[in-house]
Novice: 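Below are the structure tokens for one structure; questions will follow.
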Amino acid sequence: MPVEAVTLADTTTKELPLLVLWLFKAGLIYGGLLGTAALMTLAERKVSAWIQYRIGPNRVGPWGLLQPLADGVKFIFKEEVVPDGANPLMFRLAPILSAVPAMLAIAVIPFAGEVKIGDWSFGTLSIANLDISVLYVGALTGLSVYGVILGGWSSNSKYSLLGGLRASAQMISYELTLLLAVLSVVLMNGSLDLRAIAADQASTGMWNAIVQPVAFVLFVIAMFAETNRHPFDFAECEPELVGGFHTEYSSMKFALFFLGEYCAMVVMACLATTFFLGGGALPFIAELAWYVELPVFCAKASSFLFLFLWVRWTLPRFRYDQLMTLGWQVMLPLALVNLFVTGAVVALGWHPLLMPLLAIAVLVPFALLFGRPRPRSESLTHEGAAG
Amino acid sequence: MTITRTFEYAPGAPPDDFEYEDDPVHGEVMQLNMGPQHPATHGVLRLLVELDGEIIRRTEPDVGYLHRGKEKSCESLGWAKFFPHTDRLDYVQPLMNNIGYALALEKLAGIDVPERGQVVRVLLMEISRIAAHLIYLGTTGIDLGAVTMFFNTFKEREKIYSILDAYTGHRMNNTYVRIGGVYADVDEGVEALLREFLVQFPEQIDEFESLLTSNRIWYDRNRDVGVLTADEAMAWSLTGPNLRGSGVDHDLRKAEPYSGYETYDFEVPVGTIGDCYDRYLVRVEEMRQSTRIALQALTRLAETRGGEVLAEDRRYVLPPRDRVQSSMEELIFQFKIVTDLRLPAGRAYHGIESSKGELGFFVASDGSSKPLRCHIRAPGLMNVQAIPLLAEGRLFSDMVAIIGSLDFVMGEVDR
């Protein structure tokens with residue numbers, strides 16, 4: 001049931017010129033994105049320190065808050081090295097290709113609904129109001145893999161090449177699952193428009209995390225793989241590939257890769273919030289003002305961002321072939337079945353809460369049976385006396 | 001006992017007629033230089049890896065980047081002055097190396113260590129074993145992506161090092177063992193610290209295990225990776241946890257007891273398959289058993305309080321400082337031992353169960369003050385030898401799991 005999310009301007013409200021409005025919003029949202037990405041580098045170290053009995057950066061500014069700034073200055077003043085035999089054009093293009101698509105995707109995220117201050121109306125709090133924003137996001141996440149592949153290939157380094165190859169295979173595989181999970185959501189809410197998807201969840205009060213638990217879990221897992229984050233970070237894989245695709249990068253080119261990674265994380269967190277947690281909605285409250293919606297949205301997205309960090313500093317890393325097995329043999333079939341079930345439920349007009357019940361009934365016993373490894377500590381024999 | 005593969009490579013160059021008959025792709029083979037500055041090679045090991053895609057076809061370990069001529073140093077320095085050098089062999093367990101060397105010299109000279117000295121030695125050895133296994137667990141965790149394991153284990157290791165600091169005055173490179181015993185007694189304060197650590201340590205092991213043992217990712221990364229059969233392990237003369245992980249029940253503390261190990265109550269964990277996961281389980285269980293032994297040793301320390309920790313044999317053992325300054329004979333003994341310590345002619349070998357396997361010292365003497373020969377049987381060198389065997393046909397990611405699970409320290413391998 002699509003919802004009229006775009007409120008047509010009536011005659012009593014005043015509006016800024018469209019171009020000014022766009023520039024203003026773009027400045028605001030991109031400032032927020034880059035600021036969040038910079039703060040995430042600090043958060044990464046603070047959270048890891050918290051998990052690992054450490055203090056973390058605390059020298060620059062209060063609680064190390066200026067650390068990202070200090071890092072940025074350091075990156076700028078580092079020497080730029082282009083290795084011998086590297087393809088100079090591709091080598092320079094790769095960091096840009098890695099960072100730009102991740103940043104572009106933020107343009108369609110609806111952070112909050114209609115913004116009104118006094119008589120002035122500023123439209124919804126998103127840069128672009130696309131009717132097919134899901135397709136736009138899908139296309140851009142597909143593009144981001146180029147940066148990693150080209151960076152790995154053009155470095156003329158074997159470690160980088162392996163990292164780039166791994167990344168390409170991994171990101172292409174997991175994009176399928178990611179988009180199939182999103183398709184279930186699209187079926188559920190009947191729109192390709194992120195604003196409509198969020199508004200639909202808010203109006204019915206049934207967030208997709210509840211009615212689409214399988215898609216939610218699949219999306220969260222694929223989100224980690226898509227952003228190249230631990231436990232799927234084979235592309236860089238510090239102990240094996242010594243940094244992988246960015247082994248040979250230095251200075252701002254290296255910083256751009258990092259910026260791209262953190263921007264991708266922020267975008268993915270925003271997407272997950274929109275698709276599965278109803279955007280800026282609160283449960284049991286139908287209509288919220290934009291200044292409530294925005295903090296709620298940010299809080300939800302932050303919880304996903306924290307999940308990224310938490311998982312990174314807790315779990316061991318998968319092996320490359322295990323990741324592929326998981327992607328193609330477990331997650332992709334599951335996503336297809338989920339899509340089919342969702343389609344059937346929507347077409348037959350059954351109650352959507354049937355799906356979580358079905359998922360629990362089928363998947364929980366399955367997971368209990370096959371999910372945990374057979375305990376081997378008992379197989380260890382204790383031999384008291386030796387000859 | 002059969003050796004299934006033989007490796008006859010000239011260092012640095014693959015044989016000209018090297019072919020892969022079962023290569024499904026017939027693609028080019030990529031030679032990858034892993035190390036000596038690779039984060040996963042635990043020091044300065046260099047591995048020449050031939051990759052077919054991601055699959056390892058051939059591995060060639062290249063050791064010697066940390067060669068410092070330790071054995072030759074022993075021959076030129078003399079018997080007692082080599083003790084500080086043994087610290088630098090396997091530098092994660094200096095006291096264990098001290099004791100191994102001292103035991104070989106005592107065997108050569110026929111010195112009996114007093115009972116309390118032996119108890120202190122057992123205590124130090126087991127504490128060192130725990131510290132070394134904690135390093136294994138932490139570094140293997142980091143290699144397989146569980147970075148936080150490193151900090152978990154180092155938090156515990158830090159406690160051990162603080163206790164050793166309180167006892168020996170050093171955190172690493174303690175050099176606290178002498179021919180005939182240990183340099184100084186363990187006082188009650190150190191005893192209390194040790195007891196406090198050992199009592200809480202099993203809980204910490206439980207916590208490590210709760211993070212790893214039944215963790216699906218950890219299990220999948222280690223299960224059936226680097227499988228070493230019992231025959232292969234023996235053929236490649238692997239010892240210690242690597243051998244026991246393959247199911248061979250051989251522990252020198254049980255098989256050829258020394259320092260009174262036969263009187264302690266402990267069990268030897270033995271694996272079944274011989275994969276990385278078995279080796280991991282064996283080491284974790286060994287930490288528990290070491291805690292058990294150390295606690296027993298602490299009880300005996302309380303029983304033998306006031307006893308000597310250093311033998312009263314003035315041919316080889318330095319007199320205490322206060323007696324040197326008050327007695328002419330002791331001053332002469334001290335002068336003789338410091339300037340010209342002679343061990344009787346002959347040869348002796350003594351192996352101890354170090355955390356990496358059988359750490360053996362072979363010493364030969366012609367009766368002079370300089371050793372004729374000192375050979376160190378470093379278990380790490382044998383562990384490195386097993387890498388090509390275990391890595392062949394595996395994925396490149398398994399290499400770090402295999403290197404981690406074999407657990408060697410390059411200071412000992414290169415000597």
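Residue numbers begin at 1 in each chain, while the letters A, B, ... track the order of the sequences.
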Novice: Under 4.5 Å between any side-chain heavy atoms of Phe151(B) and Ile51(A), yes or no?
Specialist: no
Novice: Counting only non-hydrogen atoms closer than 4.5 Å, does Ile403(B) touch chain A with its backbone (N, CA, C, O), its side chain (CB onward), both, or neither?
Specialist: neither
Novice: List the atom of Arg317(A), the atom of Ile217(B), and the distance in Å for their closest heavy-atom pair.
Specialist: O-CG2, 3.4 Å
Novice: Can you tell me if CH2 on Trp310(A) sees more than 12 non-hydrogen neighbours from other groups inside 6.0 Å?
Specialist: no
Novice: Please find the pair of heavy atoms, one from Pro316(A) and one from Asn215(B), that lie closest to each other, and give the distance.
Specialist: CD-ND2, 3.3 Å
Novice: Does NZ belonging to Lys155(B) count more than 12 external heavy atoms closer than 6.0 Å?
Specialist: yes
Novice: Do Asp321(A) and Leu395(B) have side chains that approach each other closer than 4.5 Å (heavy atoms only, starting at C-beta)?
Specialist: yes
Novice: Could you tell me whether Arg319(A) and Asp398(B) make a salt bridge, using a distance below 4.0 angstrom between a side-chain N and a carboxylate O?
Specialist: yes
Novice: Return the CG to CZ distance between Leu315(A) and Arg216(B), rounded to the nearest 0.5 Å.
Specialist: 13.5 Å
Novice: May I ask you to test the Leu32(B)-Tyr159(A) pair for a side-chain heavy-atom distance under 4.5 Å?
Specialist: yes
Novice: Please lay out, stage by stage, how Arg166(A) and Ser397(B) fare under the test side chain to side chain donor-acceptor pair (under 3.5 Å).
Specialist: CA-CA 11 Å; Arg166(A) 283 183 184 187; Ser397(B) 301; 3.2 Å; yes
Novice: Is the backbone N or O of Gln31(B) less than 3.5 Å from a side-chain atom of Lys158(A), with the two atoms forming a donor-acceptor pair by type?
Specialist: yes
Novice: Tell me, for Asn33(B) versus chain A, whether the close heavy atoms (under 4.5 Å) come from the side chain, the backbone, both or neither.
Specialist: backbone
Novice: Answer yes or no: does atom CZ of Phe154(B) have more than 12 heavy-atom neighbours from other residues, nucleotides or ligands under 6.0 Å?
Specialist: yes
Novice: Provide the closest heavy-atom pair for Leu162(A) versus Glu54(B) in the form atom of the first, atom of the second, distance.
Specialist: CD2-OE2, 3.9 Å
Novice: Can you tell me which portion of Val248(B) sits under 4.5 Å from chain A's heavy atoms? Options are side chain, backbone, both or neither.
Specialist: neither
Novice: Decide yes or no for Val147(B) and Gln52(A): does some side-chain heavy atom of the first lie under 4.5 Å from some side-chain heavy atom of the second?
Specialist: yes
